[in-house]
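Have a look at the structure below, then the notes.
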Amino acid sequence: MAYIDFIRTAVQESLEKLYGNTGETLDIQITPTKPEFEGDYTVVFFSLLKVLKKRPDELGNQLGEKLLELYPDTFAGFNVIKGFLNLTFTHNALTAFLKNNYGNEGFGRKPETDRTVMVEYASPNTNKPLHLGHLRNIFLGWSMAEILEANGFKVVKSSIINDRGIHICKSMIAWKLFAGGATPESTEIKGDHFVGDYYVKFNDVYQEQIAELVAGGMDKKQAEKEAPIMKEAQDMLLKWEQGDEEVRSLWAMMNGWVYEGFDSTYKRIGVDFDKVYYESDTYLLGKEYVQKGLEENILFKKPDGSVWIDLADVNLDEKLLLRGDGTSVYMTQDIGLAVEKYKDYPLEKSIYVIGDEQLYHMKVLKEICRKLGFSFADEIFHLSYGMVELTTGKMKSREGTVVDADDIVEEMVQTAATLTAELGKVEGSTEEELKQLYETLGLGAMKFYLLRVDPKKRMVFDPKESIDFHGFTGPFVQYTYARIRSILRKSALRPEEITIGQDVEYEKLERELTLLLETYPNVLADSARDMNPSLIAGYVFSVAQLFNSFYTEHSVLKAESSEKQNLRLALSVCTANILKSALHLLGISVPDRM
RNA sequence: GGCCCCGUAGCUCAGUGGAUAGAGCAACAGCCUUCUAAGCUGUGGGUCGAACGUUCGAAUCGUUCCGGGGUCACCA
């Protein structure tokens, strides 16, 4: 049992022994003791004073003494200040934890169960390459999947690829008109970038044509509709829907290029999916449920034949589900896909990693599913995250300020290479090892940077700050790990030969580190409960920080006694295990040296 | 305009009912014959957007206001 839970139970028991069962549930808060006070954990008992009709020092002292009496092996002492009871653990209580867990690489993880959840993330369009915003989405999704798995869930990582629609038709028509048969192979351009270039080309030509029409006296709105290239794109979409062979094969070819590009990016950043849905397969699925809803009078038809749902009763407005011509809209498709997911897997929860600009859309989706009678409606969870902005403001594709995913990853890896070369600590490594190290560090920096912030909040991406590998960063934590590995390589004792003496004493930093390491299982549980990887980033940083203080203050290999050396080795092994485990949950790997 | 989110140190962010509000970066002063200095130690830096309220206790909860953002498409 975690220390904090143990204390809660012990306090409850002590209070009952002291004052009997009051019949009320007592609200007891337990927090780590602030560094300026003496103690390890603090019981905050202000709220009990009124119920038990006691004075603070009276209640605090009685409770403290009872705890010492009942658990002499656990509590060594206490002090009372106002409504705070500060408790100090015995050395043996610390040792009990360390002994049982220091060598356990899976410390904090819960055993696997059959409870299954799906995490949908990435979900790109196929008309342009991934950008920085996608990276936040992807790292978040990947990390949440890992965190849920560590908490005992079976996790299905999924993605819905928006592979059809007017957007890809724009790239297609531009390619047809201007590429002259060029391919990613012939131009040596990565497939997704190649297709994205034609999307940009489309827009350039489109703007020119609008300008021409307006110059010729046409109204701007009219011009936007009349521009020939736009008409051609729309014509292509129509042909696609009719199954026109030529259009379909062009579509398949260009999407194929994009997938090759995406796959190489996914591979480099180390993410994958268990199940990929394609919009071209699923976009018609929602219609039957809309039809059924119409028959059951949950939905209604307007005179023009369009189908709507009225959400006024839950403070939302009317929402279109089928156009007058019977074609489906985005929402219709999402209903279909939501059902499909539950047909494919026995899901307890269906998590969607989607930007917060779609909060309203997801709220409506959930509400419609509920009205249509789907039992899973309440288990749809929108893991929303804020936009990534630049120090200069928002990313805007029209202004060319979009940070490309491949570019930024490459830049981080290059930074890692430059920095490593400057420091010159890994001489003697092979080319292959160095290349691997740069990837580990560059991606570690990138992922940590994007995951260290609360997902719900929008964040600012500062290129200067992102390539700083000091302080609250991935490389800082990785460095701490590498330092420990270095100690362990030089140690005469192997981790499994460590023995911690029963009455070994803990100095301040040893004690603090032990207490912090012990809370890891709770951090793991909290991050799953809150759907928030940044809790792990914050934790892993504080562990690394504290270990570095300990490392500077106390020598492990030249400890003053063999008893001390064993203790410090155990602390080092335990720290390394937790750093590795926690970083893994953020998708970050660790180097043996750096 | 309706609804939702945000406002904490120069900058980027922690802290959602408890003690004198924290960290990183930036600034300044120190620490490498000692297990990796991508590190450590210290200093300066805040009317927690504003006001009122609830509470023994408020950055945290409530109301109002100010400032910033999102969204409310027969777009995806």
**Message:** Any carboxylate oxygen within less than 4.0 angstrom of a Lys/Arg side-chain nitrogen, looking at A:Arg568 and A:Glu560?
**Reply:** yes
**Prompt:** A:Tyr479 stacking on B:rG39: centroids under 5.5 Å, ring planes under 30°?
**Reply:** no
**Message:** Return the pairing partner of B:rG1 with a 3.5 Å limit on both distances, Watson-Crick or G-U wobble; otherwise return none.
**Reply:** B:rC72
**Asked** For A:Tyr360, which contact category applies under a 4.0 Å heavy-atom criterion: base, sugar-phosphate, or nothing?
**Response** sugar-phosphate
**Request:** Go ahead and name the base partner of B:rU47; Watson-Crick or wobble counts if both distances stay under 3.5 Å, otherwise write none.
**Result:** none
**Message:** Rounding to an integer number of Å, can you tell me how far A:Gln358 CD sits from B:rC75 C1'?
**Reply:** 11 Å
**Request:** Using a strict 4.0 Å threshold on nitrogen-to-oxygen distance, state whether A:Lys508 and A:Glu512 make a salt bridge.
**Result:** yes
**Asked** B:rG39 phosphate, OP1 or OP2: any side-chain N/O from A:His470 under 4.0 angstrom?
**Response** yes
**Asked** Hey, does the side chain of A:Lys457 come within less than 4.0 Å of B:rA14's phosphate (OP1/OP2), counting only N and O?
**Response** yes
**Request:** Examine distances only and state if a side-chain atom of A:Asn577 and a backbone atom of A:Tyr102 form a donor-acceptor pair shorter than 3.5 Å.
**Result:** yes
**Asked** How close or far is atom C1' of B:rU41 from atom CD of A:Glu553, stated in whole angstroms?
**Response** 10 Å
**Prompt:** Within the structure shown, what part of the strands sits under 4.0 Å from A:Asp592 by heavy-atom distance: base, sugar-phosphate, or nothing?
**Reply:** base
**Request:** Mark yes or no for a side-chain to base donor-acceptor pair under 3.5 Å between A:Thr42 and B:rA19, with no hydrogen or angle criteria applied.
**Result:** yes
**Request:** Determine: side-chain N/O of A:Lys456 to OP1/OP2 of B:rC5, distance under 4.0 Å, yes or no.
**Result:** no
**Message:** Is there, by distance only and without an angle test, a donor paired with an acceptor across the side chain of A:Asn548 and the base of B:rA37 below 3.5 Å?
**Reply:** no
**Asked** Does the side chain of A:Ser542 get closer than 4.0 angstrom to OP1 or OP2 of B:rA23 through an N or O atom?
**Response** no
**Electrostatic pair A:Glu224-A:Lys221, nearest N-O below 4.0 angstrom** = no
**Item:** Strand partner of B:rG24, provided both Watson-Crick or wobble distances fall under 3.5 Å
**Value:** B:rC11
**Asked** Is there a Watson-Crick or G-U wobble partner for B:rU60 with both distances under 3.5 Å, and if so, which one is it?
**Response** none
**Message:** Quick check against the 3.5 Å criterion: does A:Asn79 have a side-chain atom that pairs as donor or acceptor with the backbone of A:Glu38?
**Reply:** yes
**Request:** Could you check A:Phe37 against A:Glu389 and say which one's nearest nucleotide on RNA chain B is further toward the 5' end?
**Result:** A:Phe37
**Prompt:** Since syn is defined as within 90° of 0, does B:rC72 count as syn or as anti?
**Reply:** anti
**Asked** Using purine N1 to pyrimidine N3 plus N6-O4 or O6-N4 for Watson-Crick, or N1-O2 and O6-N3 for G-U wobble, both under 3.5 Å, which nucleotide pairs with B:rC32?
**Response** none
**Message:** Measure CZ/A:Phe84 against P/B:rG57 and give the value in whole Å, please.
**Reply:** 13 Å
**Prompt:** With a 4.0 Å cut-off on heavy atoms, is A:Lys50 in touch with a base, just the backbone sugar-phosphate, or nothing at all?
**Reply:** sugar-phosphate
**Request:** Check the distance between B:rG18's C1' and A:Phe46's CZ and give it to me in whole angstrom.
**Result:** 6 Å
**Item:** Length of the line joining A:Lys34:NZ and B:rG15:P, which is rounded to integer Å
**Value:** 14 Å
**Request:** Determine the Euclidean distance between corresponding P atoms of B:rG53 and B:rU8; express it in Å to zero decimal places.
**Result:** 25 Å
